[in-house]
Participant: 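One structure follows; several queries about it will come next.
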Amino acid sequence: MNDHLSLWSLIANATLLVQFVMLLLFFASIVSWVMIVQRGLYLRNAAHTLRKFEDNFWSGIDLNQLYHDCGAQGSVEGLSSVFRAGFREFNRLAQQKSHVDPDTVMEGTERSMRVALSREEERLNRNLPFLASVASVSPYIGLFGTVWGIMNAFRGLATVQQATLATVAPGISEALIATAMGLFAAIPAVLAYNRYSASADSIYSSYETFAEEFSSILHRRIHGD
Amino acid sequence: MFSGKVSTYTVAILVSLLLHAGVVMLMVWHWEPEHKQRKVAPPKYVQAKLMTLQQKAKPQPKPVAKPKPKPKPVAKPAPKPKPKPAPKPAPKPAPKPKPVPKPEPKLAPKPEPDKKQLQQQLASALAEEEEFLAASNEEEIAASYHDYIFERIAANWSRPPSARREMEVELLVQLVPTGQVISVSVVRSSGNSAFDRSAEQAVHKVGRFEKLKEIENPRVFDKYFRRLTLVFRPDDLRL
């Protein structure tokens, strides 16, 4: 009994296909957990820097000073990259000779901010599609392994004269491991995907709001001058 | 920027690998399904048959005990009223009913000389009952093996086309405790030799009743199976 039903012997005695399914699910689980942890750290960091930058920005600091501070920090990510892209473009256009239309300056600024925003959005949502596909597909893969394993168990049963539960039980148990692994991979991935996509959305909408506000400030400045 | 990203990925990979290693360890260690030894209690059936005990034990003590307490009511009232007058001189009506209930508890100690006799009766009744139970138990065992024998023979009996409903052949089958058939002989013929022969053939075809080996009590075997009389009737294949 002991050596009959140990986890290793169950996996080792499984069909090649079921073993493959299990291996696939195991790696999917490992990779999805890498994504989960990495995304968690990244998004937490992003939310933190967002708060810090907004505090800094609305503290009344000189924009030139802020621009240089952001550049000095080394890592230009998140809101500061949006700010830097917009401000750089604005200064570059505004410093050109006087025959530049203010609307053209604003248009260029907004465009460059939009580019930075979309780059940031891509960064926020990186790896989330992988989590989504692990979440939706791995139960099916596990189920496929289980169905295949049970199929084999019953096929083996057909040739046996005296069929008892003990002849099919190991096969079914082994097959069910595949479903368990699929669910094990899928459940954290679903939770992480939902949570992270929600927080990525909220961070991105903060970026957008900031971009709007910043462009309105620049607008005021160019028309006020 | 680049170094920061790498570090989050390193942390993530480490965390993920540790988590999976932990899960695998947990699974391997706690995999063994708990084996609870389920005790299957064999059904104990109690057969209570006390008809002999009731008839013999009950009536006996009565006649012995009855005559004894009779003199007591006379003797008892005498000592009882004596201590009473001292504490309670006035309430006399109390001692009157007393002598009546008193002799009743005395009834039990009185038949003491008969106790041995009673026990003996009880023991003999119990032994009788046990014997009866054993006999009925044997009968039960024998009946189940009879059914088995009938089944085996019925499975091996091919009736001849000349068999008629009213035909009946009685065979005497001699068996040994291994279940092997020693001899088969016709005790009472049906009048149709083909039918007689088919019945004989059926027993020979079985040859050995394997299950009879399982009878533990040789007495049961000797009593019921050493010489077995079987009646063959074609109507419903009941033997």
Side-chain angles (χ1 to χ4, degrees), chain A residues 1-12 22-23 25-46 48-49 70-71 73-78 80-81 119 123 126-127 130-131 134 169-170 173-174 177 180-181 183-185 187-189 192 196, chain B residues 1-43 144-145 147-158 178-179 205-215:
Chain A
M1 202 71 190
N2 210 338
D3 38 300
H4 250 298
L5 282 179
S6 85
L7 186 61
W8 291 128
S9 69
L10 273 186
I11 292 175
M22 286 176 185
L23 201 71
L25 289 172
F26 192 71
F27 277 116
S29 175
I30 286 180
V31 175
S32 79
W33 269 97
V34 170
M35 304 294 172
I36 287 168
V37 175
Q38 197 271 337
R39 279 292 94 186
L41 290 173
Y42 180 83
L43 287 174
R44 209 178 58 180
N45 195 29
H48 182 68
T49 50
C70 288
Q73 265 176 6
S75 72
V76 184
E77 250 183 277
S80 58
S81 89
R119 203 168 291 142
R123 244 180 230 162
R126 184 180 299 158
N127 295 342
F130 179 81
L131 282 183
V134 166
S173 173
E174 148 218 309
I177 291 175
M181 287 176 84
L183 294 178
F184 178 77
I187 292 169
Y196 292 164
Chain B
M1 166 180 162
F2 190 69
S3 70
K5 219 176 198 174
V6 166
S7 86
T8 60
Y9 270 110
T10 325
V11 169
I13 289 169
L14 273 178
V15 168
S16 169
L17 286 180
L18 279 179
L19 187 109
H20 283 81
V23 168
V24 168
M25 289 298 215
L26 245 150
M27 288 291 285
V28 170
W29 279 337
H30 292 273
W31 182 255
E32 287 316 310
E34 283 110 60
H35 262 290
K36 279 176 197 152
Q37 281 286 325
R38 268 193 298 166
K39 276 184 184 163
V40 181
S144 74
Y145 284 104
D147 284 347
Y148 160 71
I149 289 170
F150 292 158
E151 207 176 279
R152 297 284 295 126
I153 291 175
N156 284 296
W157 187 22
S158 55
T178 59
K205 217 163 156 190
V206 175
R208 180 197 281 264
F209 297 95
E210 290 288 346
K211 268 197 189 170
L212 290 187
K213 264 190 275 187
E214 292 162 17
I215 300 179

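Naming: A, B, ... by sequence-line order, numbering from 1 per chain.
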Participant: On a heavy-atom basis, which atom in L41(A) and which in V11(B) lie closest, and how many Å separate them?
Facilitator: CD1-CG1, 3.8 Å
Participant: My understanding is that only residues two or more places apart in sequence, or in another chain, count here; which of them pass side chain to side chain donor-acceptor pair (under 3.5 Å) with R208(B)?
Facilitator: Q180(B)
Participant: Can you sort out the partners of F209(B) under side-chain contact (heavy atoms from CB on, under 4.5 Å), two or more places apart, ordered by chain and number?
Facilitator: Y148(B), I149(B), R152(B), I153(B), L175(B), V181(B), V206(B), L212(B)
Participant: So, for Q38(A) and T8(B), which heavy atoms are closest and what is the spacing to 0.1 Å?
Facilitator: NE2-OG1, 3.4 Å
Participant: Which atom pair, heavy atoms only, marks the closest approach of A12(B) to V34(A)?
Facilitator: CB-O, 3.2 Å
Participant: Side chain, backbone, both or neither: which part of I13(B) has a heavy atom under 4.5 Å from chain A?
Facilitator: both
